[in-house]
Amino acid sequence: MKRRFKTEKMMPFTPVDAAHPRAKQTNERIEMMHKEFVNGYYYAADNMRYVGTRLGLLNAYYDWTTHHVPVRASMNFEDLRFSNIMNGTAISRRLIESA
């Protein structure tokens with residue numbers, strides 16, 4: 001039996017405290033990135049078979065990681081992206097370990 005997982009459980013949207021000097025701007029950016037991820041999880045053509053599974057979350061995460069352009073992209077953001085993909089991130093390690 002396939003276990004079902006919701007993106008909200010594994011990748012929750014956690015707003016920054018309102019006391020933060022740029023809380024509104026930061027929360028808008030976090031919410032935008034979260035929506036991109038959730039849309040990729042539920043609606044990406046290559047992920048349709050895996051919605052509700054950890055593999056679906058991992059696939060959506062790597063799709064998002066490889067295609068998302070940062071708001072404040074540095075000149076070497078593609079090099080950093082490649083490094084994160086090859087070495088993993090805390091999020092990818094958490095998703096893999098939970099499988």
*For the student: nearest non-hydrogen atoms of Asn47 and Ala60, plus distance*: ND2-CB, 3.9 Å
*Results of side-chain contact (heavy atoms from CB on, under 4.5 Å) for Asp46 - residues two or more places apart only*: Ala44, Asn59, Asp63
*Indicate yes or no: at least one non-hydrogen side-chain atom of Phe37 is less than 4.5 angstrom from one of Leu57.*
yes
*How close do Val51 and Tyr41 get, heavy atom to heavy atom, and via which atoms?*
CG2-O, 3.3 Å
*Please identify each residue that fulfils side-chain hydrogen bond (donor to acceptor under 3.5 Å, both in side chains) with Thr26, with sequence neighbours left out.*
none
*Does the side chain of Tyr42 reach to within under 4.5 Å of the side chain of Met48, using non-hydrogen atoms?*
no
*List in chain and number order the residues that pass side-chain contact (heavy atoms from CB on, under 4.5 Å) with Thr65, two or more places apart in sequence or in another chain; answer none if no residue qualifies.*
Tyr61, Ile85
_The criterion is side-chain hydrogen bond (donor to acceptor under 3.5 Å, both in side chains); which residues satisfy it with Gln25, sequence neighbours excluded?_
none
*Rounded distance [0.5 Å steps], CZ in Arg29 versus CZ in Arg22*: 7.0 Å
*Is it true that atom OH of Tyr62 has more than 12 heavy atoms of other residues, nucleotides or ligands lying nearer than 6.0 Å?*
yes
